[in-house]
Undergrad: 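I'd like to ask some things about the structure below.
Naming: A, B, ... by sequence-line order, numbering from 1 per chain. It should be emphasised that the depicted structure is a prediction, and the values quoted were computed from it without experimental measurement.
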Amino acid sequence: MEWPRTVDDAVAMQERLRTQVITTSAPDLRIDTVAGLDVGYRGNDAVAGVCVVFDAKALVVLDEVVVEDTTDFQYIAGLFAFREMPVLLRALDRVTVAPDLLVADGQGLAHPRRFGLACHLGVHTGIPSIGVAKNAMGAFDPPGHARGSMSDLSMDGEVVGRALRTQDGVKPVFVSVGHKIDLDRACAEVLRLAPRYRLPETTRRADTLTKQAASSAGS
DNA sequence: GCGACAG
DNA sequence: ATCTTGTCGC
């Protein structure tokens with residue numbers, strides 16, 4: 001199918017692809033490299049997509065790619081992926097180090113139709129993925145104050161993710177499965193990626209590059 | 001009907 | 001997301 005241009009087509013695509021999401025980890029799932037994906041905006045249609053690949057253990061950058069593009073799809077909560085995916089896929093294509101895990105800046109299963117950006121990226125590429133959002137779409141009880149504390153994130157009476165405290169006393173991040181990984185493993189990876197700050201290093205680096213590109217658009 | 005609503 | 005300086009605090 002070609003990329004949707006209308007809300008109805010986009011929703012239909014999500015309903016169709018949601019059935020392909022896998023919420024368990026392969027027994028031999030090894031995560032040595034992790035990709036952080038993010039998009040920055042300049043005006044309403046200019047976008048800069050970034051894909052940064054980190055060594056999951058050493059937390060050092062192995063490769064990073066910035067791609068500039070434009071978008072037709074306006075921002076609509078729930079249809080976020082249709083605005084950001086095209087650029088992100090282009091950036092992901094140009095990276096020279098294959099990532100074992102994709103970390104999306106947004107939701108995975110914690111989505112109205114259980115198919116957020118992280119799920120879409122995962123199903124499309126076949127690469128394990130997770131969503132790490134700064135804001136929740138569902139309901140949750142505040143997790144404990146200490147780093148590593150977590151609580152269920154629910155929507156329509158079902159657990160769709162977790163509110164995870166990555167640093168003592170900071171606002172939690174919202175983790176949900178994207179594809180080919182289980183929620184426990186997803187949270188463990190986020191904690192490993194965020195040893196010092198609230199957000200994973202992958203997200204922080206991608207975000208920096210994203211704004212850097214957006215502010216120097218045209219040079 | 002009214003408000004809320006990832007980035 | 002974006003428009004935007006200084007400032008409070010560890």
Side-chain angles (χ1 to χ4, degrees), chain A residues 4 7 10-11 13-14 17-18 21 35-52 66-89 91-92 102-124 129-140 145 147 153-156 159-164 166-179 183 186 190 195-200 202-218:
Chain A
V7 169
V11 170
M13 180 178 241
Q14 293 183 323
L17 295 178
R18 59 181 291 185
V21 172
L37 303 159
D38 191 23
V39 173
Y41 300 87
R42 193 64 179 176
N44 192 51
D45 63 346
V47 297
V50 170
C51 179
V52 186
V66 179
V67 170
E68 298 196 28
D69 203 350
T70 55
T71 307
D72 296 274
F73 224 99
Q74 74 173 82
Y75 172 73
I76 299 174
L79 297 181
F80 186 43
F82 298 95
R83 185 168 165 75
E84 301 207 332
M85 263 191 71
V87 214
L88 293 179
L89 290 177
L92 182 57
L102 304 181
V103 178
D105 189 20
Q107 317 289 354
L109 289 175
H111 173 277
R113 285 171 293 282
R114 308 295 180 274
F115 199 73
L117 174 62
C119 297
H120 209 141
L121 282 170
V123 168
H124 183 100
S129 65
I130 64 176
V132 178
K134 294 182 279 297
N135 293 293
M137 286 193 97
F140 65 98
H145 174 283
R147 163 178 160 87
L153 174 61
S154 310
M155 286 185 78
D156 311 308
V159 177
V160 295
R162 251 172 230 165
L164 172 65
T166 54
Q167 297 299 322
D168 294 356
V170 304
K171 174 180 176 177
V173 295
F174 305 91
V175 181
S176 56
V177 168
H179 189 48
L183 188 52
V190 172
R196 181 163 183 201
Y197 300 103
R198 177 191 176 225
L199 298 176
T202 39
T203 303
R204 286 168 50 78
R205 178 59 187 164
D207 189 65
T208 295
L209 290 177
T210 242
K211 289 172 179 168
Q212 197 172 307
S215 66
S216 63

Undergrad: Looking at dA6(B) and F174(A): do their rings stack (centroid distance under 5.5 Å, interplanar angle under 30°)?
TA: no
Undergrad: In Å and rounded to the nearest 0.5 Å, what is the CG to CZ distance from D45(A) to R83(A)?
TA: 8.0 Å
Undergrad: Could you check how far NE2 of H120(A) sits from P of dG7(B), rounded to whole Å?
TA: 18 Å
Undergrad: How far does CG of L121(A) sit from CE of M85(A), to the nearest 0.5 angstrom?
TA: 5.0 Å
Undergrad: Could you tell me how far apart L117(A) (CG) and dA1(C) (P) are, to the nearest whole angstrom?
TA: 14 Å
Undergrad: Ignoring hydrogens and geometry, is there a side-chain-to-backbone donor-acceptor pair from Q14(A) to G78(A) under 3.5 Å?
TA: yes
Undergrad: What is the separation between atom CG on D207(A) and atom C1' on dA1(C), rounded to the nearest whole Å?
TA: 10 Å
Undergrad: If only side-chain N and O atoms count, and only distance matters, is there a donor-acceptor pair under 3.5 Å linking Y75(A) with E84(A)?
TA: no
Undergrad: Check whether any side-chain N or O of N135(A) sits under 4.0 Å from OP1 or OP2 of dC5(B), and answer yes or no.
TA: no
Undergrad: Quick check on dC3(C): is either OP1 or OP2 less than 4.0 Å from any side-chain nitrogen or oxygen of R42(A)?
TA: yes
Undergrad: Students often get this wrong, so: under 4.0 angstrom with heavy atoms, is G78(A) touching a base, only sugar-phosphate, or nothing?
TA: base
Undergrad: Rounded to whole Å, please give me the gap between CZ in R113(A) and P in dA6(B).
TA: 13 Å
Undergrad: Which part of the nucleic acid does L79(A) contact within heavy-atom distance under 4.0 Å: base, sugar-phosphate only, or nothing?
TA: base
Undergrad: Kindly say whether K134(A) contributes a backbone atom to a donor-acceptor pair with the side chain of R198(A) at under 3.5 angstrom?
TA: yes
Undergrad: Starting at NZ of K211(A) and ending at C1' of dT4(C), how long is that distance when rounded to a whole Å?
TA: 12 Å
Undergrad: To the nearest angstrom, how far is L121(A) atom CG from dA6(B) atom P?
TA: 18 Å
Undergrad: Whole angstrom is fine here: how far is it from CZ in R83(A) over to P in dA1(C)?
TA: 12 Å
Undergrad: From dC5(B), dT2(C), dG7(B), pick the nucleotide closest to the side chain of M137(A)?
TA: dC5(B)
Undergrad: Is any side-chain N or O of Y41(A) closer than 4.0 Å to OP1 or OP2 of dG7(B)?
TA: no
Undergrad: In this structure, how many angstroms lie between the P atom of dA4(B) and the CD atom of Q107(A), rounded?
TA: 18 Å
